[in-house]
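Worksheet: one structure, shown below.
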Amino acid sequence: MILNMDKLRVAVIGVGHLGSIHAKIYKQIHGCTLVGVCDSDPIRLKEASHSLRVPGYTEMAQLFGKIDAASVAVPTRLHHKIAAGLLKANVHLLVEKPFTVSLDEADQLIELAKNQNLILQVGHIERFNSAFNATQKIIKDPKFIECHRLSPFPNRSLDVGAVLDIMIHDIDIVLGLVNSPLEKVESVGINVLTPLEDIANARLTFKNGCIANLTASRISDEIMRKIRIFQENTYISLDYKNASANVYRKLQDKITKERLPIEKEQPLQKELASFVDCVINKKVPLVTGEVAREALAVALTIQNQIWPK
């Protein structure tokens, strides 16, 4: 429920690396005001509160009645508990990915949001990447999709493996591109620096014959976030990191190359601005709880195939 205020009152729950960025961006978005941040770590909370010049709270309940919406950027294992408490307090939510650690928890949050008539958005940021958006009209009937998402060891988000941490971005994108039921999942992965998988590869086969090959690693010496999409007479290459996109087409006996004009924007800023707009104007988010649940279901299938091995 939004009270009769001039601006949407927003808070950020969890001000670690990502949460602190959320808070900074909310201070820049027209139409909302950051009224506070919350974290169980008093030192981190004090630093964030001081730098952002907003009140800091160690208990989430202290914000009830003072906010209309919030970002949840706590460790994944706490997503359900924190999000459920906020939804019961009539707070619209943007929950960072991965949505939850189980489908049961995801279903409970989706039902809560529906019953409370609240916006529930999940932070699948690549949906807001300008390179991806620039190719949306071109991608029509993919036959083969290849994704590579590599990054150096993060020293954070280590409560989940590489599948839920980084591969889930590409899972979400692939499911959005292929208009066909998923028929088969084949996965491999290994742990190197943590007890969970640090490298993973998954092959998704869809009923219409499309195949997607996804590779994720969080122990690479380089950052790579690329997706290649092949369809009849067309090959599309996207680079999320550099916000660039090339389209190769077969025209008669020639192969042409077109570099799409892309206005480089900050995806997280677009994502949070979209969330604020959805709450204020009662719009359906681009990534609803239901959409995020689909990606989570596939990610958990991949993860559960890897762990027994």
Side-chain angles (χ1 to χ4, degrees), residues 76 96-99 101 103 122-129 131-133 135-136 139 141-154 157-158 160-194 196-231 235-242 244-246 267 287 291-309:
T76 306
E96 262 303 338
K97 65 81 204 165
F99 187 14
V101 296
L103 295 181
V122 180
H124 285 285
I125 194 171
E126 299 296 18
R127 295 279 190 131
F128 296 87
N129 191 294
F132 175 70
N133 292 330
T135 63
Q136 283 290 76
I139 302 170
D141 187 19
K143 303 296 184 185
F144 184 79
I145 302 173
E146 187 172 38
C147 304
H148 284 93
R149 188 169 293 264
L150 316 177
S151 64
F153 191 65
S157 299
L158 299 180
V160 294
V163 174
L164 286 177
D165 183 21
I166 55 179
M167 184 185 279
I168 198 166
H169 285 297
D170 295 315
I171 294 170
D172 172 60
I173 291 296
V174 167
L175 293 180
L177 291 177
V178 183
N179 186 26
S180 178
L182 181 61
E183 277 200 333
K184 189 177 182 182
V185 178
E186 301 167 277
S187 318
V188 291
I190 59 169
N191 65 306
V192 180
L193 299 177
T194 74
L196 305 175
E197 78 281 352
D198 297 309
I199 303 173
N201 176 266
R203 185 180 182 89
L204 310 182
T205 303
F206 294 86
K207 189 174 182 179
N208 66 357
C210 180
I211 293 173
N213 193 41
L214 287 66
T215 300
S217 170
R218 58 184 183 186
I219 52 170
S220 172
D221 65 348
E222 63 176 323
I223 297 175
M224 179 187 290
R225 296 172 187 165
K226 292 184 177 181
I227 178 171
R228 299 173 179 89
I229 301 154
F230 300 84
Q231 58 192 40
Y235 158 46
I236 302 156
S237 176
L238 296 180
D239 186 328
Y240 293 117
K241 177 177 176 287
N242 297 310
S244 64
N246 294 317
V287 184
V291 169
R293 186 197 185 281
E294 291 182 15
L296 178 64
V298 176
L300 291 175
T301 298
I302 294 169
Q303 176 186 272
N304 293 338
Q305 286 183 355
I306 291 171
W307 283 5
K309 299 174 186 176

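Model, not experiment: these values are computed from the prediction. Positions are given from 1 along the sequence.
Within the model, atoms OH of Y240 and SG of C147 stand 6.5 Å from one another, a figure rounded to the nearest 0.5 Å. Note: K226 NZ to D239 CG = 5.0 Å, rounded to the nearest 0.5 Å. Distance CE/M224 to OG1/T215: 10.0 Å, rounded to 0.5 Å. The line from CD of E146 to CD1 of I211 is 12.0 Å long, rounded to the nearest 0.5 Å. Distance check, rounded to the nearest 0.5 Å: CG of D170 to CD1 of I145 gives 10.0 Å. Summarising the geometry, atom CD belonging to Q136 is positioned 10.0 Å from atom CD1 belonging to I236; distances are rounded to the nearest 0.5 Å.
Judged as a salt bridge (charged side-chain N to carboxylate O under 4.0 Å, His left out), and not counting sequence neighbours, the contacts of D141 are K143. N213 pairs by the side chain to side chain donor-acceptor pair (under 3.5 Å) definition with N201, not counting sequence neighbours. The salt bridge (charged side-chain N to carboxylate O under 4.0 Å, His left out) search around E126 returns R149, not counting sequence neighbours.
A side chain to side chain contact (heavy atoms under 4.5 Å, CB included) with L164 holds for exactly one of T76, I302, L296; it is L296.
A donor-acceptor contact shorter than 3.5 Å is absent between the side chain of N242 and the backbone of S244. In this structure a side-chain-to-backbone donor-acceptor pair under 3.5 Å is missing from Q231 to I139. A donor-acceptor pair under 3.5 Å is absent between the side-chain atoms of D198 and the main chain of I219, judged by distance alone. Put simply, the side chain of S220 never gets that close to the backbone of S217: no donor and acceptor are under 3.5 Å apart. Between the side chain of E197 and the backbone N or O of A162 there is at least one donor-acceptor pair closer than 3.5 Å. The backbone N or O of F206 lies less than 3.5 Å from no partner atom in the side chain of S180, so there is not a single donor-acceptor pair.
Two residues are said to be in side-chain contact when any heavy atoms from C-beta on lie closer than 4.5 Å; K184 and R203 fail this criterion. By the 4.5 Å heavy-atom criterion applied to side chains, V174 and V178 are counted as neighbours. At a threshold of 4.5 Å between non-hydrogen side-chain atoms, the residues L150 and I223 do not count as touching.
Minimum interatomic distance between F128 and P267 (heavy atoms only, all atoms of both residues): CB-O, 3.7 Å. Minimum interatomic distance between L214 and M167 (heavy atoms only, all atoms of both residues): O-CE, 3.6 Å. The heavy-atom pair separating L196 from G161 by the smallest distance is CD1-N, 3.5 Å. Minimum heavy-atom separation, S187 to A202: OG-CB, 4.1 Å. Closest non-hydrogen pair, R293 versus F99, comes out as N-CD2, 4.3 Å. Closest approach of V163 and A299 over heavy atoms only: CG1-O, 3.4 Å.
Taking the six-membered ring where tryptophan is involved, the planes of H124 and H169 are perpendicular, since the angle between them exceeds 60° and thus also 30°.
Crowding of N179 atom CG: a count of heavy atoms from other residues, nucleotides or ligands under 6.0 Å not exceeding 12.
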TODO: Please lay out, stage by stage, how I171 and L175 fare under the test side chain to side chain contact (heavy atoms under 4.5 Å, CB included).
DONE: CA-CA 6 Å; I171 294 170; L175 293 180; 4.0 Å; yes
TODO: Evaluate salt bridge (charged side-chain N to carboxylate O under 4.0 Å, His left out) for D165 paired with R218, printing each intermediate quantity in order.
DONE: CA-CA 9 Å; D165 183 21; R218 58 184 183 186; 3.7 Å; yes
- [ ] Would you sort out whether V122 and V291 count as a side chain to side chain contact (heavy atoms under 4.5 Å, CB included), showing the intermediate values?
- [x] CA-CA 9 Å; V122 180; V291 169; over 6 Å; no
Open item on the list: Could you go through V185 and Q305, starting from their C-alpha distance and side-chain angles, then the distance that decides it, and tell me whether this counts as side chain to side chain contact (heavy atoms under 4.5 Å, CB included)?
Closed with: CA-CA 9 Å; V185 178; Q305 286 183 355; 3.9 Å; yes
Open item on the list: Does N191 form a side chain to side chain contact (heavy atoms under 4.5 Å, CB included) with L193? I'd like the steps, not just the answer.
Closed with: CA-CA 6 Å; N191 65 306; L193 299 177; over 6 Å; no
